[in-house]
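Shown next, in structure tokens, is the structure this report addresses.
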2 protein chains.
Amino acid sequence: MSGATNPDLAVRLREAGLRPTRQRVALARALFEVEHRHVTAESLHAEAKAGRNPVSLATVYNTLNQFRDAGLLREVVVAPGRSYFDTNTGHHHHFYVETDGELHDFPSDKVTIAGLPAPPKGTRLSRVDVIVRVRR
Amino acid sequence: MSGATNPDLAVRLREAGLRPTRQRVALARALFEVEHRHVTAESLHAEAKAGRNPVSLATVYNTLNQFRDAGLLREVVVAPGRSYFDTNTGHHHHFYVETDGELHDFPSDKVTIAGLPAPPKGTRLSRVDVIVRVRR
DNA sequence: CAAGCAGTTTAGAACAATTCTAAAACTGCA
DNA sequence: TGCAGTTTTAGAATTGTTCTAAACTGCTTG
């Protein structure tokens, strides 16, 4: 079962304008066939290498960037040199546990942010990131 | 006038547990004797080098980290490999213009964030960062 | 006010994260 | 199946930051 090709993923990639190559599909499966995940390039690379679909680190970086640009992933920068890719692209925010580098989602349903000033003129809103930093 | 030593800065550094050395005072003057600023290590280093108080890049990094640890500065990470130090340590949030890397403060007076979930158990709140990302 | 020691600075090496390069390997279409 | 354009790859290069070890400086003491 785990060796089978998932046609949905191939379709999803094609719709994003990306050819469903062996490597991209392998990474997409690791990312999207399970619950929401937070990965770094290094962690995903280690995972792929350990599994039966080794993918070079350069390709992991390329693919994560392409997935992000295509809207399949969201990048969250929590600290200098610490960047996560989040498979949850819906509206939500993050807890970041500074003492051990963990990142957790929380839904934005209940959260309301009021009174934000208008974007500087000549710019349009791209996204509002809320990172709640906590420590143990 | 601009060559004079500012005793307040020396005091402020000493209170932070830092010896007021020539280099630290020079950087503190560049940072704190004007309106609130957003600097990077590189930009501050370039500035110091151009002025009459050249300071090595290593010292700029050390000093920024010390100032941040002492609460004199706040670090804002906006993108991978892009970290600003903000001389405004009060409550406020940021606009980040993704297309050109600019960072702007905005006061948090008017902004209310309601409905944030409680921190994960075993952790205590450190800070809530709100970054409003915009593009031209 | 000289001496000495801990704290600081520095250039350069080292390191970590990410991107680039150029060549080999693929993918998809004709 | 052949072929043109994409994609992958290893390794080099780049970028941002920290480390190292030696020289220097600020502060305290005798």
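Note on naming: letters A, B, ... go to the chains in the order of the sequence lines (proteins, then strands), and numbering restarts at 1 for each one. What you are looking at is a predicted structure, and each value in this text was computed from that prediction instead of being measured.
The interatomic distance linking D69(A) (CG) with dT18(C) (P) rounds to 15 Å, in whole Å. Separating the NZ atom of K49(A) from the P atom of dT8(D) is a distance of 18 Å, rounded to the nearest angstrom. If you measure from atom CG of L18(A) to atom C1' of dG28(C), you get 15 Å, rounded to the nearest angstrom. Across the protein-nucleic acid pair, H45(B) atom NE2 and dG12(C) atom C1' stand 13 Å apart, rounded to whole Å.
Side-chain contact between P117(A) and F95(B): present, with at least one pair of heavy atoms (C-beta onward) separated by less than 4.5 Å. The shortest distance between side-chain heavy atoms of T123(A) and T99(B) does not fall below 4.5 Å. Within the 4.5 Å cutoff, the side chain of E102(A) has no heavy atoms near those of the P120(B) side chain. Looking only at side-chain heavy atoms (C-beta outward), V76(A) and I131(A) come within less than 4.5 Å of each other. With contacts defined as side-chain heavy-atom distances shorter than 4.5 Å, the pair V128(B)/I113(B) qualifies.
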N/O-N/O pairs, protein side and nucleotides 15-22 of chain D side, under 3.5 Å:
residue, atom, partner, partner atom, Å
dT17(D), OP2, Y61(B), OH, 2.6
dT17(D), O5', Y61(B), OH, 3.3
dT18(D), OP2, N65(B), ND2, 3.2

Give me the distances for all protein-to-nucleotides 3-7 of chain C N/O pairs that come in under 3.5 Å?
residue, atom, partner, partner atom, Å
dG7(C), O4', R19(B), NH2, 3.3

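Between H36(A) and H38(A), the side chains place no donor N or O within less than 3.5 Å of an acceptor N or O (distance only, hydrogens not considered). Counted by atom type alone, D105(A) and H93(A) present zero donor-acceptor pairs between their side chains at under 3.5 Å.
A continuous path of ILVMFWY side-chain contacts below 4.5 Å connects V25(B) to F32(B), so both sit in one hydrophobic cluster.
Counting only residues at least two apart or in different chains, salt bridge (Lys or Arg N to Asp or Glu O under 4.0 Å) contacts with residues 14-25 of chain B are absent. Annotation: side-chain hydrogen bond (donor to acceptor under 3.5 Å, both in side chains) contacts involving residues 109-122 of chain B, sequence neighbours excluded, are absent.
Within residues 95-105 of chain A, no residue places a heavy atom under 4.0 Å from DNA chain C.
R74(A) meets the salt bridge (charged side-chain N to carboxylate O under 4.0 Å, His left out) test with D129(A); sequence neighbours excluded.
Residue T59(A) is in base contact, counting any heavy-atom pair closer than 4.0 Å across all strands shown.
At the phosphate of dT9(D), OP1 or OP2 sits under 4.0 Å from a side-chain N or O atom of Q23(A). Phosphate contact (OP1/OP2 of dG28(C), side-chain N/O of R14(A), threshold under 4.0 Å): present.
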